[in-house]
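See structure below.
Every chain is numbered from 1 and lettered A, B, ... according to where its sequence line falls, protein lines coming before strand lines.
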Number of protein chains: 2
Amino acid sequence: MPAPRRKTETVEIETPEERQPVSLGLLDNLLGYRLRRAQLSVFQDFLVTMKEFDLRPAQFSVLAIIDANPGLKQSRVSEALGINRANFVALLDELEQRKLARRAPAPGDRRSNALFLTAKGEAFLKDAYRHLVAQHEKRVETVLGSADKQQLLSLLDKLTTLA
Amino acid sequence: MPAPRRKTETVEIETPEERQPVSLGLLDNLLGYRLRRAQLSVFQDFLVTMKEFDLRPAQFSVLAIIDANPGLKQSRVSEALGINRANFVALLDELEQRKLARRAPAPGDRRSNALFLTAKGEAFLKDAYRHLVAQHEKRVETVLGSADKQQLLSLLDKLTTLA
DNA sequence: TATTGTTATACTCTATAACTATA
DNA sequence: TATAGTTATAGAGTATAACAATA
């Protein structure tokens, strides 16, 4: 039994902790702010989940687009993802060095590259996605509920038509 | 009446436009991807709307937090916004140079700064917010519907508890 | 010893201009 | 002339380490 601490227990509350909660003020009604915070949380969870695969969201998105559209030209892949073509080069270089994707000559246009996943890349993407669904999307649906997730996706798509 | 174009109208379709739509593949079901695209659209619209005020989202958020919590310590403002304190310094410097915010000695702790808006800063924030609601949030509610906006805010907050 | 504000630094993302080889 | 891929470069945003002043 611990010694009862009574006597000089007037601890003079060293930490009055003026920890009143911080008000969001005008921010509270701004969609952009709340959207940004949510997005950062979701990306953070994605990063943790994909750490063992060493795969960032942008890298995953490139693999997924190539997988779904094999042979697509490099410029169209970057355009579909909203990544400018200059910045796309290094991103693709890394995936190619890891032997997950490859550039091939595009039939009928020697300026272009047609992009493909390697066999390793296909297997890797499948594994990563499985892990993502089992861990990351699982957690998302735990806080959201699965009906809410579909509702949310639909609302988000409306916003994407804004700009 | 325009001349009927018939004869050599075998234009040899110079642009066969293999513009089949790009499939999103696995991305289609990933919340993070759709969330990110929506967030970028909303921020883009915010930027355009605030261009005449020369105010970025992070700057607006700092002004709003100080306005709602006058005298709050610098470290707590940056913490509330998830901005690390080293990076917060330059952000605040700029707002102070524009005479919108000011650092004051914090009562009872000579290490800390208490932050306040200037009179100019208060008026500026009010104007910016009014303009934002009239233009930006108006457009948001046009694509969303106002009931959907509240629903969306609630769903986003659930996600923010993730990480 | 720990915390606040600060500087310095580095790494990622993003944006623009310009080059080359093709079309 | 225009387009695809590329390089170089600059600007944001973000993260860590370390220091001085103060607690």
Could you pull out all donor-acceptor pairs under 3.5 Å where a side-chain atom in residues 60-68 of chain B meets a protein atom, sequence neighbours excluded?
unit_1	atom_1	unit_2	atom_2	d
B/Ser61	OG	B/Ala58	O	2.7

Starting from B/Phe43, walk the hydrophobic network (Ile, Leu, Val, Met, Phe, Trp, Tyr; side-chain heavy atoms closer than 4.5 Å) and list everyone else you reach, by chain and number.
none
In terms of the nearest nucleotide of DNA chain D, which residue is placed more toward the 5' end: A/Ser75 or B/Asp109?
A/Ser75
Those residues of residues 48-60 of chain B lying under 4.0 Å from DNA chain D by at least one heavy atom
B/Arg56
Should B/Lys73 and B/Asp109 count as side-chain neighbours, where that means a heavy-atom distance under 4.5 Å?
yes
Taking DNA chain D as the partner, which of residues 83-99 of chain A come within under 4.0 angstrom of it by heavy atom?
A/Arg85, A/Ala86, A/Val89
Looking only at heavy atoms, which two atoms of B/Phe53 and B/Arg98 are closest? And how far apart?
O-NH2, 3.1 Å
Apart from A/Val140 itself, which Ile, Leu, Val, Met, Phe, Trp or Tyr residues share its cluster (side-chain heavy atoms under 4.5 Å, direct or through members)?
A/Leu31, A/Leu35, A/Val42, A/Val143, A/Leu144, A/Leu152, A/Leu153, A/Leu155, A/Leu156, A/Leu159, A/Leu162, B/Leu31, B/Leu35, B/Val42, B/Val140, B/Val143, B/Leu144, B/Leu152, B/Leu153, B/Leu155, B/Leu156, B/Leu159, B/Leu162
Start and end of chain B contact along DNA chain D [non-hydrogen atoms, under 4.0 Å]
D/dG13 to D/dA23
What residues form a side chain to side chain contact (heavy atoms under 4.5 Å, CB included) with A/Arg85, not counting sequence neighbours?
A/Ser78
State, with a plain yes or no, whether a side-chain heavy atom of B/Glu137 is found less than 4.5 Å away from one of B/Lys149.
yes
Note: contacts of residues 31-43 of chain B with DNA chain C (heavy atom, under 4.0 Å) are B/Arg36
Of A/Gly82 and A/Gly108, the one whose closest nucleotide on DNA chain C sits nearer the 5' end is A/Gly82
Which residues share a side chain to side chain contact (heavy atoms under 4.5 Å, CB included) with A/Leu47, sequence neighbours left out
A/Gln44, A/Arg56, A/Pro57
Does a donor on one side chain sit under 3.5 Å from an acceptor on the other, for A/Arg139 and A/Thr49?
yes
Taking side-chain hydrogen bond (donor to acceptor under 3.5 Å, both in side chains) as the test, write out the residues that go with A/Arg37, two or more places apart.
A/Tyr33
Send over the distance from A/Glu79 CD to C/dT14 P, rounded to a whole Å.
17 Å
By side-chain hydrogen bond (donor to acceptor under 3.5 Å, both in side chains), B/Gln150 pairs with (sequence neighbours left out) none
List for me each residue that meets side chain to side chain contact (heavy atoms under 4.5 Å, CB included) alongside B/Arg103, sequence neighbours excluded, and say none if there are none.
B/Gln74, B/Val89, B/Leu92, B/Asp93, B/Glu96, B/Asn113, B/Leu115
Do B/Val133 and B/Lys138 touch side chain to side chain, with heavy atoms closer than 4.5 Å?
no
